[in-house]
Amino acid sequence: MKKLTLLSLCLLFAVLASAQNKASMEDYALNFNGFQRARDKYPDSAIRYLQTLATIRPEAVEELLHESFAQSFIPRDEEKYRTDPAFLASLKRMNMTVDSALKITRESVKNAYIILEKLENDTSQFIKEMVFPISYWIQAQKNFSNPENLKEIGKAYISYLKGTNNFYTQRKARYALMIARLIYNNDKLRSDADQVIKLIYNNLQDHQVNEDLTTIQRSIKEKRAWYRYMFAYCNFILSQDAKLTQDQKLGYLKLAYEHSPDILDKTVSHAYFYDMIFLFGNEKYSFEEDYLSALGSDEEKFKTVMAMSMINPSFKQKAKALYKGKINFSDYWLNEFNKKFQQAPLFSLTQIDSNQYVLGKNKEQWTLIDFWGTWCSPCRQEHPDLQKLYLNTMQGEMKNLNIITIASNDREPTVKEYMKNLNYTFPVVMSDNQIERKYNVSSWPSKFLVSPQGKYVVIPFNVDWQKYISDYIN
């Protein structure tokens with residue numbers, strides 16, 4: 001009877017915990033989305049949503065303010081919008097005129113300033129601290145033509161930064177670099193801008209993440225990607241100084257290239273995406289081409305392009321054009337690939353057709369390993385392309401590729417029914433709930449490409465994965 005009572009209590013607690021988690025998620029979504037919807041027209045409502053969100057999920061407040069809300073204060077040239085083909089095309093689809101769109105934008109910006117001012121004076125110390133870097137950046141914009149005020153703002157922000165060693169939260173380094181850029185544009189304040197950049201540079205350099213990349217957690221992956229991209233950016237802007245010697249310029253550009261997003265960083269590209277937009281105004285994912293264009297000899301270029309082609313196979317053709325060795329380039333490249341990457345964890349799992357799949361049996365082929373689930377919407381969206389690729393391998397169009405997919409967190413009957421209903425025939429094994437740990441899978445879909453010699457590479461998210469695979473194996 002006691003055991004039954006204990007079991008009933010455990011079930012009750014589990015049900016209550018599940019209900020609380022569901023309610024918490026609903027509250028989070030309500031306030032997160034509420035802020036986004038209200039901020040353009042209803043500043044007071046937006047603030048209430050944000051205040052509530054701060055009590056439910058503080059980290060979401062940071063995301064909202066520094067990835068979305070702060071974009072309201074990016075200076076905009078309205079005349080450029082009038083001639084921007086992409087902007088005009090989007091307006092045509094929405095049946096809007098340029099003037100009406102710009103009117104909406106102006107109102108949104110006006111309300112953003114109202115929200116910011118009230119958040120600066122909020123009763124919550126947490127919220128005030130969250131908007132602090134944004135406020136300094138806006139002060140610097142407003143005082144762009146006032147050197148004395150701009151100088152004081154720079155000093156104050158340096159003082160603020162020196163009170164902490166963490167430039168990652170609130171994206172303090174991002175705002176510092178944008179403030180430094182405003183200061184640098186005034187010839188008399190170049191030395192003040194240099195002080196800000198030096199402080200940021202040293203902090204970013206000291207906080208590069210060096211952990212075992214095979215077991216690194218997703219949150220650490222994101223931090224690693226952010227610190228690398230920001231350090232690459234610092235080196236890139238320092239390389240633009242006209243007073244540098246060629247060797248000094250190359251030194252900065254090499255560091256920018258070396259800290260450009262690698263394969264692991266690209267799996268969490270959202271970690272630095274918004275910083276890239278704030279700093280450049282557009283998408284600039286790497287500094288590889290900048291370094292390449294500054295290199296002198298073909299030998300230097302070949303070594304660099306070969307290294308680039310290991311993590312971005314689109315560079316293989318450039319490497320081949322520069323190659324002067326005696327052995328076949330494809331053999332040379334594959335040998336370098338196998339030197340660089342680690343051995344893929346072996347596994348033997350049962351396919352849903354009852355056949356046993358053993359990784360490594362296909363000695364003459366590359367192997368694509370794809371982790372997915374019937375519950376995963378992005379996985380399902382790409383399955384028509386995966387099916388087409390599989391048929392190409394079976395029909396001899398990609399003879400050097402073998403495909404195996406792994407259904408994670410799923411039930412075999414559900415997977416079989418899914419495959420049957422959609423007429424998919426690509427091979428599927430059921431996960432043993434261990435294989436994900438071996439490959440450090442933390443999101444789905446996840447893809448890995450294994451060479452005929454058993455070395456493997458991660459296929460990044462947000463890339464044309466079919467082209468990536470084709471470039472690697474051809």
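The structure displayed is predicted, hence computed values, not measured ones.
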Ring centroids only, cut at 6.0 angstrom: are [X] and [Y] within range, meaning strictly under it?
X      : Y      : value
Tyr291 : Phe287 : no
Tyr136 : Phe132 : yes
Tyr233 : Phe236 : no
His383 : Phe426 : yes
Tyr332 : Tyr323 : yes

Report task. Please say whether the positively charged group of Arg171, taken as NZ for Lys or CZ for Arg, lies over the ring of Tyr168, i.e. under 6.0 angstrom from the six-membered ring centre and within 45 degrees of the axis. Result -> yes
Report task. Tell me whether the guanidinium CZ or amine NZ of Lys447 lies under 6.0 angstrom from the six-membered ring centre of Tyr468 and within 45° of its axis. Result ->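 No, cation not above the ring by the 6.0 Å, 45° rule.
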Any side-chain donor near an acceptor of the partner, [X] and [Y], under 3.5 Å:
X      : Y      : result
Ser314 : Asp471 : no
Asp40  : Ser108 : yes
Asn235 : Tyr201 : yes

More than 12 heavy atoms of other residues, nucleotides or ligands under 6.0 Å from [atom1] of [X]: is that the case?
X      : atom1 : value
Glu117 : CD    : no
Lys320 : NZ    : no
Glu364 : CD    : no
Lys128 : NZ    : yes
Glu299 : CD    : no
Glu78  : CD    : yes
Glu148 : CD    : no
Lys284 : NZ    : yes

Query raised in the report: What orientation do Tyr456 and Phe448 show, parallel under 30°, tilted 30 to 60°, or perpendicular over 60°?
Result: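 Judged by the thresholds at 30° and 60°, the geometry between Tyr456 and Phe448 is tilted.
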Could you check whether [X] pairs with [Y] (Lys NZ or Arg NE/NH1/NH2 to Asp/Glu carboxylate O, under 4.0 Å)?
X      : Y      : result
Lys318 : Glu289 : yes
Arg224 : Asp262 : yes
Asp122 : Lys118 : no

Do you know which two heavy atoms are closest between [X] and [Y], and how far apart they sit?
X      : Y      : answer
Ser408 : Phe371 : OG-CD2, 3.8 Å
Ile435 : Phe347 : CD1-CD2, 3.5 Å
Val268 : Ala225 : CG2-CB, 3.9 Å
Phe341 : Lys455 : O-CD, 3.2 Å
Arg228 : Ser260 : NH2-O, 2.8 Å
Pro75  : Gln141 : CG-OE1, 3.5 Å

Interatomic distance, [X] atom [atom1] to [Y] atom [atom2] [nearest 0.5 angstrom]:
X      : Y      : atom1 : atom2 : value
Leu150 : Ile179 : CG    : CD1   : 9.0 Å
Asp192 : Tyr184 : CG    : OH    : 12.5 Å
Leu88  : Thr83  : CG    : OG1   : 7.5 Å
Ile183 : Ile153 : CD1   : CD1   : 8.0 Å

Query raised in the report: Between Leu161 and Ile200, does a side chain to side chain contact (heavy atoms under 4.5 Å, CB included) hold up when you go through it step by step?
Result: CA-CA 9 Å; Leu161 290 175; Ile200 297 301; 3.7 Å; yes
Requested in this report: Starting from the C-alpha separation in whole Å, work towards a yes-or-no answer on ring pair (Phe, Tyr, Trp, His ring centres under 6.0 Å) for His66 and Tyr175.
Outcome: CA-CA 10 Å; His66 298 293; Tyr175 296 106; 5.5 Å; yes
Test your reading of the model: is there a side-chain donor-acceptor pair from [X] to the backbone of [Y], 3.5 Å cut-off?
X      : Y      : result
Asn474 : Ser470 : yes
Asn338 : Leu334 : yes
Tyr472 : Met310 : yes
Gln170 : Glu129 : yes
Glu288 : Tyr257 : no
Trp444 : Ala407 : no
Ser309 : Met306 : yes
Asn111 : Glu107 : yes
Asn362 : Gln365 : no
Tyr157 : Lys172 : yes

Please examine the side chains of [Y] and [X], heavy atoms only from C-beta on, and report whether any two atoms are closer than 4.5 Å.
X      : Y      : value
Leu50  : Arg39  : no
Ile469 : Trp366 : no
Ser135 : Glu120 : yes
Glu63  : Phe32  : yes
Pro445 : Cys376 : yes
Met230 : Leu279 : yes
Arg57  : Met25  : yes
Asp385 : Trp465 : yes

Requested in this report: Give me the one residue out of Val61, Ile134, Leu65 that meets side-chain contact (heavy atoms from CB on, under 4.5 Å) with Leu119.
Outcome: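 Exactly one option meets the side-chain contact (heavy atoms from CB on, under 4.5 Å) with Leu119, and it is Leu65.
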**Report entry** Worked check of side chain to side chain contact (heavy atoms under 4.5 Å, CB included) between Lys198 and Asn202
**Finding:** CA-CA 6 Å; Lys198 183 179 180 181; Asn202 291 339; 3.8 Å; yes
Query raised in the report: How far apart are the C-alpha atoms of Trp226 and Val209, what are their side-chain angles, what is the distance that settles it, and do they pass the side chain to side chain contact (heavy atoms under 4.5 Å, CB included) test?
Result: CA-CA 10 Å; Trp226 184 83; Val209 176; over 6 Å; no
**Report entry** side chain to side chain contact (heavy atoms under 4.5 Å, CB included) between Leu359 and Ile404, intermediate numbers included
**Finding:** CA-CA 9 Å; Leu359 179 66; Ile404 188 65; 5.6 Å; no
Query raised in the report: What's the verdict on side chain to side chain donor-acceptor pair (under 3.5 Å) for Ser191 and Gln195, showing C-alpha distance, side-chain angles and the deciding distance?
Result: CA-CA 6 Å; Ser191 60; Gln195 286 182 50; 5.2 Å; no
